[in-house]
Number of protein chains: 2
Amino acid sequence: MPTINDVARAAGVSPSTVSYVLSGRRPISAQTRARVQAAIAELGFHPHAGARALASSKTNVVALVVPLRVDVNVPVIMQFATAVVTAARTHNHDVLLLTKDEGTAGLERVAHSTMVDALIVMDVEKHDVRIPALRRLKQPTVLIGLPDDPAGIICVDLDFAAAAKETLRHLAWHGHRRIALVGPSPAVYRRGTSYADRFLAGFTEASAELGLETMTHPCEPAQDGVRTCLADIDAALDGVTALVVHNEEALRPLLDQLRAAGRRVPEDISVVAVCPRDVALSMPIPLTSVDIPSHDVGGLAVETVMKLLDGRHTEPIRLLPPTLVERESCAAPARSTGEVFKIS
Amino acid sequence: MPTINDVARAAGVSPSTVSYVLSGRRPISAQTRARVQAAIAELGFHPHAGARALASSKTNVVALVVPLRVDVNVPVIMQFATAVVTAARTHNHDVLLLTKDEGTAGLERVAHSTMVDALIVMDVEKHDVRIPALRRLKQPTVLIGLPDDPAGIICVDLDFAAAAKETLRHLAWHGHRRIALVGPSPAVYRRGTSYADRFLAGFTEASAELGLETMTHPCEPAQDGVRTCLADIDAALDGVTALVVHNEEALRPLLDQLRAAGRRVPEDISVVAVCPRDVALSMPIPLTSVDIPSHDVGGLAVETVMKLLDGRHTEPIRLLPPTLVERESCAAPARSTGEVFKIS
DNA sequence: ACCGCCTGTCGAAGCGCTTCGACGAACCCA
DNA sequence: TGGGTTCGTCGAAGCGCTTCGACAGGCGGT
């Protein structure tokens, strides 16, 4: 591996000149620059990342902490991750992948050992134990999510509360009055997952504002969980005409079971999903949905990190406005209320 | 951030002694070691990764290259990734996440700049253009997959050829003679994806050995793709009694359509899937399947990398034997052949 | 008592880069 | 014509760690 000294010798300049050609931090004449670049190309020189980090206190690496759990939505995570990597690369940064199960210790490890310049943390909980630790780090952090006390930390996410409101407004506009939320699994609520909570809060609030009769129910994604969930909803909210599904994995079994029970979507019951676009489209019937724009959120997280790294100002909290796309799973409720088939 | 010198001063020893306490490369008396460790703990010292990399030529980071594409199986990729991260952590290594779309350039970038000690590459193709470049790197590489010419590179994967044989053997034992393979999407074959190819080859070979009447058909995962695929199969292989599905995303629509056409599984038609365990279990009926053991393969890849890094011997190619698990989607074919319902 | 050998510790060199201050040369304006 | 700038380059100091050779002291064997 050639070093910067080799390049300098080959180009007949000093190592510092090579460095300045590389970084552009001082003016270098066109001829010299050309000679240096030729030497770099010829020798196949790549600066040593460790040496660079040592001398400059910059690694050009950001950490990405992803949940390892299976009860969170795997494809969405993957979308975030690839969005983050892709965006980071456009800023000349790489991504170090950490799993949430290393907890606070993992964050401190990579931060204290100066492996990364900044951190992006996913799957944030309401009272996330990692947050105090993150505040103490010298590296800036961006959360994808929104904890109860975000003071001192930058957060970006989809505005899930607004998404819930938008959804209910849409259904109400269609004439629905009795609406149930099929939420994520109980485990997700139990650990206070930020997005689940915010959607729920927005749902409840909008329900009151719009004067709707609603209920909310968590849902295990497997067939059984969905069955139970639907039965509970039918029992508690007679004549429900619309379902809001904030649970990507339950979506398919739910549609299956509605069909099995002879309830047509959207004629007998409307369904609005909160999920990525491709999931909404891959269902047997294209679903009216609020998009989860993983790509945008991931990109925004990276942009924000870059801003922080070069000291530019940034909003502490950025919540992307939701977009509801009408497709084919939502219609006005049947006139004859109470005529809805029940799941046996 | 305290440095090794701060620790040395606090413990009343020289920096090299601290280093030896940390690395264990030279004997240190129990008292000294205790003093040093106390100082480390008290100061909250973490060695600077860049400095370490510079001095030792080791980064304790391995690169993981994942496909970015959407036509590959996202959850499986994620399983691999988390398995790799988890396993790497047990060996005190971190994982740098790269996407395949950076191609050869990305690999060379991280390797030449000494960001990583080794590379693990997923989504390998038959004639993968990255392989010549990988051979030239000074860092060892482990492929998850098996290219046509694996010379000089270590490969680990599930033995997909054996998986195909196992599957056909199982179906033949049940009495099936007319069997179709529903494969991955045409795009996957077109770019010569290693696992798709090997499964196909194993399938064809075993079919001949067992004297079966079989056909193979790629399948786009959406509803339409599955419909076409099933229609083609029915047209070409009259009275087919079993389907081998090597396409996780097509699985669900395929089962839907069989049901819609009134073909019961397993009474009218048997289905054997090649997919992760949890996918097989999450279907409306638990599927007999050959497991894709992402966790094991990912773990094995990391173990192999570690062996290479400390110069231990390792087999150039390790293919894990497949495990077929009987569940409920496979039975003997109906006696009255030709009585199978057709998809309209 | 002597030599050779471990054991435990230290000092210093160096890993490859960035960056700061210095400095000659060229330039502009008075 | 000279003083102040700006431009382009160099040298050297370090960033924080590992590792090698050296060496003092204690051991056992003869």
Side-chain angles (χ1 to χ4, degrees), chain A residues 1-37 39-40 43-61 92 109-117 138 310, chain B residues 1-37 39-40 43-61 92 109-117 138 310:
Chain A
M1 294 278 99
T3 75
I4 202 173
N5 292 294
D6 301 329
V7 174
R9 208 172 309 123
V13 298
S14 83
S16 51
T17 301
V18 177
S19 180
Y20 288 123
V21 167
L22 251 24
S23 69
R25 296 183 157 288
R26 288 211 178 160
I28 298 290
S29 71
Q31 305 96 298
T32 308
R33 197 180 320 124
R35 283 217 314 287
V36 168
Q37 276 159 347
I40 288 176
L43 298 178
F45 167 73
H46 290 253
H48 185 293
R52 215 166 213 195
L54 180 56
S56 69
S57 313
K58 287 185 187 175
T59 62
N60 276 37
V61 174
N92 222 341
R109 184 172 56 78
V110 298
H112 289 155
S113 63
T114 325
M115 299 185 77
V116 301
D117 292 338
K138 67 170 196 295
D310 44 55
Chain B
M1 293 279 96
T3 73
I4 203 173
N5 292 293
D6 301 327
V7 174
R9 208 171 310 122
V13 299
S14 82
S16 52
T17 302
V18 177
S19 179
Y20 289 124
V21 167
L22 252 25
S23 68
R25 297 183 154 290
R26 287 213 179 160
I28 298 289
S29 71
Q31 305 96 296
T32 307
R33 199 181 316 127
R35 284 216 315 286
V36 168
Q37 276 159 346
I40 288 176
L43 298 178
F45 166 74
H46 290 254
H48 186 293
R52 211 165 217 199
L54 181 55
S56 69
S57 313
K58 286 184 189 177
T59 62
N60 276 38
V61 175
N92 222 342
R109 184 173 56 78
V110 298
H112 289 156
S113 63
T114 325
M115 300 186 76
V116 301
D117 293 338
K138 69 170 193 298
D310 42 57

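Labels below follow one simple rule: chain letters A, B, ... track the order of the sequence lines, proteins then strands, and each chain is numbered from 1.
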Rounded to the Å, how far apart are B:L43 CG and D:dG16 P? 14 Å

Test item: B:R26 side-chain N/O and B:Y20 main-chain N/O as donor-acceptor pair under 3.5 Å: no

Rounded to whole angstroms, how far apart are CZ on A:R35 and P on D:dG8? 14 Å

For every nucleotide of nucleotides 17-25 of chain C, 5' to 3': is a protein heavy atom under 4.0 Å from its base (B), only from its sugar-phosphate (S), or from neither (-)? BBBBBB---

Where the side chain of A:N60 meets the backbone of A:N92, is there a donor-acceptor pair that is under 3.5 Å apart? yes

Please report, rounded to the nearest Å, how far the P atom of D:dT6 is from the CD1 atom of A:I28. 18 Å

Side-chain heavy-atom pair A:I28, A:V13 within 4.5 angstrom cut-off: no

Quick check against the 3.5 Å criterion: does B:R33 have a side-chain atom that pairs as donor or acceptor with the backbone of B:V21? no

On a heavy-atom basis, the closest approach of B:F45 and B:T3 is CE1-C, 3.5 Å

Give me the one residue out of A:T32, A:D6, A:V7 that meets side-chain contact (heavy atoms from CB on, under 4.5 Å) with A:V18. A:V7

By nearest-heavy-atom nucleotide on DNA chain C, the more 5' of B:L54 and B:A30 is B:A30

